[in-house]
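Below: one structure, written as structure tokens.
Reminder, nothing fancy here: chain letters follow the sequence lines and each chain counts from 1.
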Amino acid sequence: MKKLFALLLVAAMVLALGACAKSTDNKAMSYAEYDAAELQTAVTVETYVQAKQSWWDNKATIYTQDKEGGYFLYEMPCTEEEFNALVPGTKIRVSGYKSEWSGEVEITDAKFEIIPGDTYVAAPKDVTSLVGTDDLIKNQNLFVSFKGMTVEAYDESGAAFAYKNDADKTDDLYFKVSKDGKVLSCCVEFYLTGQDTDVYKAVEGLKVGDVIDLEGFLYWYEGANPHITSVKPAA
Amino acid sequence: MKKACRLLSLLPVLCLCLVFLSSCHGARKHAAFEVPDGLEEGKTYEVVFWAKNDTNKTQTAIYQKAIADFEALYPDIRVNMRLYTDYGKIYNDVITNMQTGTTPHVAITYPDHIATYLTGKDAVVPLDGLMNDPRFGLGGSEVRFDSPRADEIVPSFLSECRIQEETYALPFMRSTEALYINKTYVEKLGYTLPEDYVTWDFVWEVSEAAMKKDPDGSFAVNGQKVMIPFIYKSTDNMMIQLLKQKNAGYSTGDGEILLFNDVTRSLLREIAGHAATGAFSTFKISSYPANFLNAGQCLFAVDSTAGATWMGSRAPLADISPDRFREFETAVYPVPQTDPENPVMISQGPSLCLFNKEDPGEVLAAWLFASYLLSNDVQIAYAETEGYVPVTEKAHADSGYRDYLAHEGSDDPRYYDVKLKASKLLLSHLDDTFVTPVFNGSTSLRDAAGQLVENTVKSVKRKETVDDAYFTKLFTDVTALYRLKSAGGGPLPAGSVVLLASLGGAWAAIGGVWVSGLIKKRKKERQN
């Protein structure tokens with residue numbers, strides 16, 4: 001009887017361990033496989049944290065990429081302690097669902113685990129020549145740069161930028177730049193780079209006609225809408 | 001052992017002390033508010049106002065003008081506004097600031113949120129005394145502006161602000177949801193819109209018809225590769241209104257949860273069927289209904305009347321580029337109905353609540369500002385920014401406001417026809433609106449109602465099996481996610497949880513000691 005009881009205990013433990021195993025055990029996809037996967041299908045990728053947008057209600061929104069492509073992780077369940085461990089360069093294995101919201105392809109309802117050792121921080125990819133072309137979207141979610149862009153009037157008021165919340169400046173900033181007649185709408189995402197950051201202040205100081213170099217993550221909202229992390233006078 | 005027993009016997013006392021101490025340490029307390037004799041002469045009062053706009057700069061300008069006009073009337077009161085674009089963020093910040101006694105004086109809010117604020121004793125100011133004060137109340141003798149009387153507030157709007165027999169807020173603006181329809185495409189599909197109301201059956205049928213594709217893979221109705229015929233912005237409202245229209249349970253007034261019932265299950269089954277064909281999606285899963293509607297990629301878009309300026313092929317506000325707009329006629333209807341003979345729609349919109357302060361003069365100053373926001377100038381100007389409706393009959397009767405409403409069809413953007421139709425929709429259905437019961441936990445229940453729809457649609461799109469077993473698990477998961485088991489009052493305050501846990505622990509310890517003693521006694525008896 002005791003032996004049978006012990007056997008049952010072992011069996012229960014094995015089952016319990018199986019249940020505890022992370023769902024990130026699936027084989028990781030290459031970026032090409034991820035790119036080809038249909039929306040709303042389960043995906044698993046190994047990628048590297050590039051920047052963290054926000055952590056709220058135990059959910060993290062993170063910009064990541066590997067050497068082939070970018071992956072935007074939207075509201076991934078994550079404790080504050082885990083979030084703090086996700087410094088730029090950290091390799092993570094992510095399993096979730098490939099989704100699309102207003103044109104932005106992202107991984108939602110994701111689980112992740114940190115893979116120690118290997119790290120990677122991407123240098124910005126110059127995509128200036130792709131502005132206004134159908135090829136720009138192939139670089140979605142990558143850390144990119146735009147060189148020699150001219151600041152355009154944001155709206156009919158003639159201002160160089162607009163606050164989403166102009167009363168107390170605690171939200172996103174919007175501005176437009178162009179190159180060779182092709183216009184690009186840009187966003188300074190407040191949760192990524194708030195009002196005290198250099199980029200926020202730099203955009204507040206822009207004037208129509210300024211020629212600037214930009215860096216940021218190639219986010220999409222009803223068209224290209226990069227989340228800009230750096231604005232400098234054109235080199 | 002004796003020492004342990006003593007310690008255990010002290011446990012209930014220790015626990016009660018801990019609870020007492022934790023209660024003292026939490027939110028800062030104020031004495032219950034009493035209307036003071038007046039503002040202290042020569043003293044300057046600072047009023048912090050947390051407001052919300054709809055990412056609409058005109059609304060910001062109206063708030064700023066209202067503050068400037070008010071300060072001109074009351075030079076000793078300074079109003080500092082902080083603007084939010086999300087009700088949820090105001091709610092979270094109020095909760096956080098209640099702990100440190102740094103709440104604003106006035107905040108835009110929803111009654112559901114106030115129910116949670118009320119867990120902080122005397123944190124929110126009950127307004128009945130202020131409203132009826134003969135000097136400073138609504139229409140009071142010493143008020144320096146043309147204040148509406150209490151009986152000039154639309155009664156149903158005011159009653160929405162009553163919780164536990166007390167008025168805890170003033171309605172500021174009211175809206176409902178509207179069904180914005182691409183009438184051109186509906187007719188292209190061979191359907192005619194009914195005169196006053198459309199039913200859910202009609203919306204589902206036309207939506208399925210719109211999924212027909214041409215041989216090249218584009219949708220026949222719009223010639224594009226993208227078509228989501230029916231998109232709902234707020235799925236919590238969708239479920240709440242469906243249940244109300246079907247006379248099915250949602251919650252009782254005192255917080256008993258009735259949401260997880262067979263009608264809900266059958267509604268989710270129907271929604272799943274249309275999500276499976278691609279005929280239905282939601283804001284959270286796809287995007288803003290307006291973006292699809294305006295691009296000719298959606299036939300039925302449900303969104304607030306307060307979002308009317310974003311809707312239609314000539315919408316003054318838009319997130320999509322001009323080249324993506326399509327030309328079509330926009331019809332504005334009440335939300336789909338189950339029984340058009342008895343239309344039912346939700347009432348929503350911002351209200352104003354006041355937070356208690358040590359100095360009753362500060363509360364009085366805040367009250368004067370809050371009640372100023374009900375004056376005709378502010379009410380009418382703000383209502384005109386969107387498909388809002390002023391909350392006072394005084395404003396409804398104002399000749400300027402009536403003239404504004406009469407301008408439907410004008411080319412002037414101030415009179416954008418979709419916006420005017422949206423306002424008139426609510427004005428003509430004031431008696432058909434309802435609100436859900438407010439209690440501590442009603443915010444969570446509302447979220448849960450929306451989550452049921454979101455999860456179902458998401459699961460269908462992910463090709464998961466959505467059957468009775470799925471719904472049973474969904475009910476369990478959502479109940480746990482929003483901690484609705486403990487509702488009947490919603491999630492318990494931390495102090496209550498500690499108290500109950502302590503009492504449970506104490507009784508368990510006492511029980512343990514008693515059993516241990518019993519065993520010892522029996523052993524002794526056996527030995528003897």
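With a 6.0 Å radius and a threshold of 12 heavy atoms from other residues, nucleotides or ligands, B/K463 has its NZ atom at or below the threshold. Within 6.0 Å of NZ on B/K52 lie more than 12 heavy atoms contributed by other residues, nucleotides or ligands. Heavy-atom neighbours of B/D467 CG from other residues, nucleotides or ligands within 6.0 Å: above the threshold of 12. Annotation for B/R314: atom CZ does not count as buried by contact number, only 12 or fewer foreign heavy atoms lying within 6.0 Å. Annotation for A/D135: atom CG counts as buried by contact number, over 12 foreign heavy atoms lying within 6.0 Å. Within a 6.0 Å radius of NZ in A/K164, more than 12 heavy atoms belonging to other residues, nucleotides or ligands are found. In A/Y74, the OH atom is not crowded: 12 or fewer heavy atoms of neighbouring residues, nucleotides or ligands sit closer than 6.0 Å. The environment of B/K225 atom NZ is dense: over 12 non-hydrogen atoms of other residues, nucleotides or ligands sit within 6.0 angstrom.
The shortest distance between side-chain heavy atoms of B/T60 and A/Y163 does not fall below 4.5 Å.
Of all non-hydrogen atoms in A/E222 and B/N291, the two that sit nearest each other are OE2-ND2, 3.0 Å. A pairwise comparison of heavy atoms in B/I285 and A/Q40 identifies CG2-NE2, 4.4 Å as the closest pair.
Rounding to the nearest 0.5 angstrom, the gap separating the NZ atom in B/K461 from the OG1 atom in A/T41 is 13.5 Å. Note that CG of A/L39 and CZ of B/R462 are 10.5 Å apart. Values are rounded to the nearest 0.5 Å.
When each of B/I320, B/T85, B/N92 is checked for heavy-atom pairs under 4.5 Å with chain A, B/N92 comes out on top.
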Exercise. Begin from the C-alpha positions of A/D109 and B/K458 and carry the test side-chain contact (heavy atoms from CB on, under 4.5 Å) through to its verdict.
Key: CA-CA 10 Å; A/D109 297 319; B/K458 217 187 274 184; 3.2 Å; yes
Side chains of residues 179-189 of chain A: which donor-acceptor pairs under 3.5 Å do they make with residues two or more places apart or in other chains?
| residue | atom | partner | partner atom | Å |
| --- | --- | --- | --- | --- |
| A/K179 | NZ | A/K147 | O | 3.3 |
| A/E189 | OE2 | A/Y191 | N | 3.1 |

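With a 4.5 angstrom heavy-atom cutoff, B/F283 touches chain A via backbone and side-chain atoms both. The contact between B/E464 and chain A is made entirely by side chain atoms (from C-beta outward), counting heavy-atom distances below 4.5 Å.
By a heavy-atom distance cut of under 4.5 Å, A/Y97, A/S99, A/E100, A/W101, A/S102 are the residues of residues 97-104 of chain A near chain B, going up by number.
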